[in-house]
Structures are given as structure tokens and as C-alpha cells.
Amino acid sequence: MPEIALTQAPAHVRHGSNMGQPLTRRDGVLKVTGAARYAADHHPPGMLYAVLAVSSIARGGVAFLDVAAAKAHPGVVEVITPANRPPLAQDPDEKTNPFMFRMDVLQSDRVRYAHQPIAVVVARTLEAATEGAALLAPRYETEPARIGLDASKSFVPPGVGVGMPAEVYRGDVEAGLAAAMKRIEATFETAAQYHNAMEPHAIVVAWDGDTLSIDTPSQGMAMAQGRIAGLFGIAPEKIHIRSPFLGGGFGSKGFITGPQVLGIIAAKMVGKPVKLVLRREQMYGPVGHRAPTRQTLRVGADHAGKLTALAHHTKTVSSTFDDFFEPASDISHTLYASPAIASSHEAVRVDTGTPLFMRAPGEATGSIALESAIDEMAQACGLDPLAFRLKNYAEVEPISGKPFSSKALRECYRQGAERFGWERRMLAPRQMRDRDGLLVGWGVGTATFPALMFEAQAKAVLRQDGSGVMEIGAHDMGQGAWTALAQIAADGLGLDIDQVEFRSGTSDLPDGGIAGGSAHTATAGMAIHNAGADAIARLAELATSDQRSPLFGAGNAGVIARGGRLFRRDDESRSESYAEILGCAGLTQIEGQGRSAIDPAAQSSYAMHAHGAVFAEVKVDPELGQMRVTRVVGAFAAGRIINPRLVRSQLHGGMIWGISFALHEHAVVDPRSGRVMNPNLGEYHIPVNADVPSLDAILVEENDPHVNALGIKGVGEIGITGTAGAVANAVWHATGVRVRKFPITIDRLIEA
Ligand code: MOS
């Protein structure tokens, strides 16, 4: 079986000095000084404020809105309800592709979830708009809300995630379980979570005839352009979206949402620029969330501690009017080498806003259940949980049988365990205490995330003065795209990063693809790399065909681009600067274009994933049950590292989310009203500094030449996987108590 080497560098990649450097963020100073302008910072002249009124019931109809009272407010300019909302060019409930999510933009009086927009009030001040919205004092015809995993009859969803099959089988799971020496069956529950980006969804809209200028945070500007174009019946080129900075996205800003479209409608109706910003609690409904799950794992192992069967069944929810099904069972396709694997999903429809992609959608929810179950199996076999994983991790992707970088995963286990000091772990639970008498537990989890790529385009320019420009409508949602992509741009153009003007963050630039699926660096990066290569090739063409050039005739030998010069590959004493080449040719600049897309041949031959292993320590107060994570070490192999500082930061962010998943995050839904009862950052718990211990992210070297020419895999989401399970397993090891409902809170620990 061909294995992917750890050290062999792809020969066809030009190495510059910019990639691999731990540069600080190029936008860092702008952000920490407040100079970075986020969407809601914009105030076009004459701008009015729009505020949403949202439903306080989850199901029923709006019977009455006191529009007259709101309009009587001296600051209020317009009240928009289903009665006067202008028609759209496209039905917002139409769905022609899985990336087109239905939205609530006042198409009827019907309420299908709590916090659904039911009116928009536009006023001269934010205060007046807010007051006007309160004056609407809605009356409802309330119907009982259907909430929770048992709310209605379940069904097998038509697909999970984006078009993945809901049920996948390999081998005979029942036979594998029957033949097993050890069997476990365990059911886990994960809670609903909300994206809670620091920056709420916000939009500032100005119409000029049929031209639309929009400031709004977006993880996919070209897709947003297309959706808005459809809804308003205008050409996408007429829509100019600026999204240079995002205060976090996590999946909730991948698609244009109902509230953003309502901002555009409002601006059109009043004929003036309008700003609409969601209040924190208004984000708990119309802009997506991570669906709750109930997952049952049935696992079998033989006398040697080798898996014989792995069955992973997930029950989840979607809304009553759209389809998104959390693909939690799919994690079991990729990690452990069981001869028989079954993954399946069922769903119920509840009165909720449609769930959506949320950082490691499926992988995060599925991984905490799978890693817990694997731990329980190790325990049943009397084996150390790391030893059990080393026996059972997959050398090839189990479902597809395609090879992937299992050597890298083995290195992650080895380096992580060594750094953590795993060998000193006591096998039995509740055996380790610290000096203060706190119970100490150590847990491990395997991390994985697919190495995805989408399509993107970029344009490169080399200028007469020797500098370069790279243009791509990429998205920096906090991950450092401005910096990492500029590093790729500089190497692509054979320049130092300070000589490259990196233009990004607007829809007027070439489509940078989607910043999602941990795929932005690979997607935008490959377009940039190819655009740079194209510009250099055109420049080389000029030089090698010009008799006056020291590079004349070097066509076959080839040239290397470095430091603003082209060098003859077989004789570096022969070189010429970009400026000289352009000058000789009488050109002021030369352009290159680049695209990126997956390579279907590579996709069909190799499984593409990043891998990792995470080790966590928790301390638990034996009297109070209070849990603290005190140490997390993660070792991750994610292909070529463009910027180790940014990558560590991404991995730390993921690991923090993993801690949060295991111990903190939980949107509590009142089953009577269908409302989230903690829609604020005071009561929706996320880890703060005091909850986050020392984090150590080891970057395991991996050159995977198959994923793309640069060997880039994503790092945005993988940190959550593995970590959540490692923390949960550490709680068990500290206490001997297995809590199967996440987050693991003190009451659940005591009850279990
Ligand atoms: Mo994400 S859930 O790929 O922004």
C-alpha cells in the first residue's frame, strides 16, 4: 500500500522565503488600535437605522402588530411588515441547490421559530428604531412548539451535511458484533450550540439606482453576490460587497441570511442608506446553529483488542422548512480500521431556525461521541486508551479503502504522548491526585478533518518598479488570511512580502472562493500560487526570447524566480531583474491569472485528511465536582505550514472550542416556548481565560503532495475534534464516572 511520505518535498513547487515564516498578522495593528473598519463601522451620508422585531413564539402566526403606534414615534421613518414588504424577484423559500438556504424575509405572518424576524423598523436613530420595534407589541396565534429530539416522527434524511448519504455500510456490523469478545453500546447527547461570533451579523446598504454597495461580514462574497442578485433581480456585478474583516464567522456567515436581506429591502424602501445590526439575542434563530444530537455507538472488539464492528447512529433535528442535517456519524468513516462499519442518521423536524454548518460540522459532534466510545471499549478490553488507538487507527480510509497519511497520524500519537508524559498515566480511573487532593485525569482523543478545496481565482501583476500586486476576494475572519495568503503571493511572485501589494476583502476582486471547511488557505492559496506562476511564466517568456537578455535561450533549462529576479536554473550567474525585463520589453506591467480547483484524479486515488492526537489533563474537586482543564497537548499533521504562528493560533482556537464543547457550551431551549433561554454571552458559557490552561500545539511535519501542489491542508476546525473527546475521557479518568451528555456539567457529573 503506498504511504504518503513525511519528508519528501514535492519537486515541482517553487520554494521561496516567505512561506513557513511565523509572521505576525499584517492587519494586527489595525485591529488592536481600532482602525480596522468592520461592517457596522460604516456610516454613509444620510444613513438610517433599521431594527428587527423578532417573534417571541416558536410556532403560530402574527395576529396583530401595532404599526400605527410605531409610526407615530417621531423618529420612525418606515415600518416594514409582510403587508407592505415589496416583492422580491425570487421566492426566498425556493431552493435550487444545497447551498441555498431558505430565509425569513417577511414573506408571511407565519412564525416557524423563535426569534424569526416579523417586522423591520427604520428610523433616524438607533434608539428610535429600537423603541419603534418595541411599540409594535405583537399579538400571536400561538401553536404548541415542537422542540427536542423526540418532538415528532423521525425520518431518514435525504442526505446529511452537503449531499453526503445518510446511511453508509461496509461489511456486516451485526456479524462483527456477534463475533466480538467485548461489546459496548453507549448513547451520547450533544447540545445545540450557537455561533456567537464576536461581531454580530451586520449590514450597511446603499442603493444607487440598481447598483448596490454593501458592507457586511461574509465568508463567501461571490456566493452572497449571487444570492442577492437572484432575490433582487439585478446582475451580480452590480453588487459590491466589502468584507475586509470579520469578527468571526464559524459557518454562520457563509451564506447571506434573512436579516441581511431585510437590511437591503429596507434601504430600497426608504431610498436611503440603511444599517441593520443584529442584537446578540437576535442571533439565536435566523442565522444558523449547531443542531443537537443523540448518538448511539455500538462497538465490538476481539480478544486481541482489535475492532470487529463499529456502528454509529445519529438522531438530529432540522427546521420544519429547510434541510440541514448534522452529519455526526460520518466521523466513523475515517478514523478506525474496523472490518465492519455502519453509519446512519435519522432526523426530526422541530420549530427552530434551520441548523447550519458550525465549525467542524459533524466532525465535532461525532468525534466527542466516537472518542468516548473508543475509550469505553479500551476500558472494556483492559487496555490503555492510547495503546488501543494505536492498535486500531486506520492505515487507509476505512470506508473508501483509499490511502491517506497514516504515518503522520502515528507521529501525532507519538509526539503528543511524549510531550504530555502519557506513559506515567495510571490505567485505572480515580487513581491520580495532585498536591491539593484534586482528582487528576488524563484523556486522549484522535483528531481528524478532511482536506477540502473549492474553486477560486486570482490575478497577479508584476510592475515596472519591481513590485507586485496580488488580487483575490479572500476573507479574513480572524484566521490570518491577509497574512498567510500574502506569504503565498510573495513566493508565487518570487518577491519579498513587503514588495507585494495584497488586495483582498471585496467582491470586486477575483472570486476567492469560500472561507469555510478549513479550505481557504488551500483554495485561495492555490489560485494565488497559480496566478504568480502565470505572471512569472509570461515574464520568463519575454526574457528568454530577447537576445539582449542574459536569460536568452534559457527556455528549456528553465528559470527560478527569487528576490525580484529571474535566474537561469542551471547557471544562476545569469539573471535579470523583473524591472529590467519589463523595461526591455517596453512594458509597464505584466499580468498573470490563476485558478484553483480540486484535482479529480488525486481525489479518486487518495483519501485526504489532516490528522492529530490530543492529550488533556483535568482536575476535579472530589467534593464539589468542579472540573478544570489544566493542560492540553495536541499534535497535528496538516500538510505544509504556511505560517506556524497563525497555524498554532488556529489550533489553539480549535482546542479551546473542544474544551468548550466538552464542558461549557449549551443552548438551553425552553420546551414550552421553544425559545433559547440563554441567548447572551453571560449565560451561554464559552471558555474564558480562566478556563483555558496551557495549550501546546505541536506541528508534525507532513508533506502530502496529493492534496494540492502546495501540500496545504486546513487547520481551522481540526483542533475541536480530538480535544472534546480527550477532555471528556480525562473527566472519566479523574472520577471513574462516564458522563454521556455534553457538556459535562457538575450536576451531570453528580447525577451519573
Ligand atoms: Mo465553517 S463551519 O467551515 O465556517
Side-chain angles (χ1 to χ4, degrees), residues 98-99 101 160-164 190 192-201 216-224 243 245-257 260 283 287-293 316 318 324-328 330-331 353-368 447-456 474-481 484 512-525 598 608-610 638 646 649-651 653-654 656-658 660-661 665 667 686 712-721 723-724:
F99 280 125
F101 285 93
V160 296
V162 191
M164 308 286 283
T190 63
Q193 300 179 353
Y194 282 75
H195 298 81
N196 275 308
M198 270 206 293
E199 177 198 28
H201 291 64
T216 200
S218 172
Q219 293 174 246
M221 285 180 289
M223 241 173 19
S243 178
F245 309 108
L246 286 83
F250 313 132
S252 73
K253 294 170 183 166
F255 310 95
I256 208 82
T257 62
Q260 288 160 300
M283 296 171 69
V287 295
H289 66 287
R290 195 196 297 278
T293 69
T316 186
S318 198
F324 180 85
F325 301 99
E326 178 82 1
D330 288 359
I331 190 86
T354 306
L356 197 62
F357 307 92
M358 179 162 155
R359 232 166 129 95
E363 290 86 4
T365 32
S367 150
I368 195 166
T448 191
F449 198 80
L452 304 173
M453 248 180 94
F454 307 113
E455 292 182 9
H475 312 85
D476 196 325
M477 51 182 162
Q479 81 277 47
I514 306 156
S518 298
H520 201 37
T521 311
T523 303
I598 56 160
M608 298 179 178
H609 299 270
L646 296 174
S649 164
Q650 284 286 282
L651 293 170
I656 293 167
W657 202 310
S660 189
F661 202 116
E665 275 188 68
I686 55 168
I712 298 170
K713 298 181 180 181
V715 290
E717 292 160 278
I718 187 172
I720 306 171
T721 71
T723 306

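One-based numbering, in listed order, for ligands and for the atoms of each. When a residue number appears, it is its place in the shown sequence, counting from 1.
The Gly517 neighbourhood of ligand 1 comprises atoms 1 (Mo), 3 (O), with distances under 4.0 Å to a heavy atom of that residue. Ligand-side atoms of ligand 1 in range of Gln219: 4 (O), range being under 4.0 angstrom from any heavy atom. With ligand atoms numbered from 1 in the order given, ligand 1 contributes 3 (O) to contacts under 4.0 Å with heavy atoms of Gly516. Listed by number with element, the atoms of ligand 1 under 4.0 angstrom from any heavy atom of Met358 are 2 (S). With ligand atoms numbered from 1 in the order given, ligand 1 contributes 1 (Mo), 2 (S), 4 (O) to contacts under 4.0 Å with heavy atoms of Gly251.
Under the 4.0 Å criterion applied to side-chain N and carboxylate O atoms, Lys253 and Glu199 are assigned as salt-bridge partners.
Side-chain atoms of Thr721 and Thr448 include no donor-acceptor pair closer than 3.5 Å. No side-chain donor-acceptor contact under 3.5 Å links Thr316 and Glu326.
To the nearest 0.5 Å, the span separating CD on Glu665 from CE on Met358 amounts to 5.0 Å.
The aromatic rings of Trp657 and Phe250 sit perpendicular, their planes meeting at an angle over 60°, well past the 30° parallel limit.
Of the candidates Met477, His520, Glu717, it is Glu717 that places a heavy atom closest to atom 1 (Mo) of ligand 1.
What sits closest to atom 2 (S) of ligand 1 on the protein, heavy atoms only, is Arg359 N, 3.1 Å.
Thr190 places no side-chain N or O within donor-acceptor distance of the main-chain N or O of Thr365, the cut-off being under 3.5 Å.
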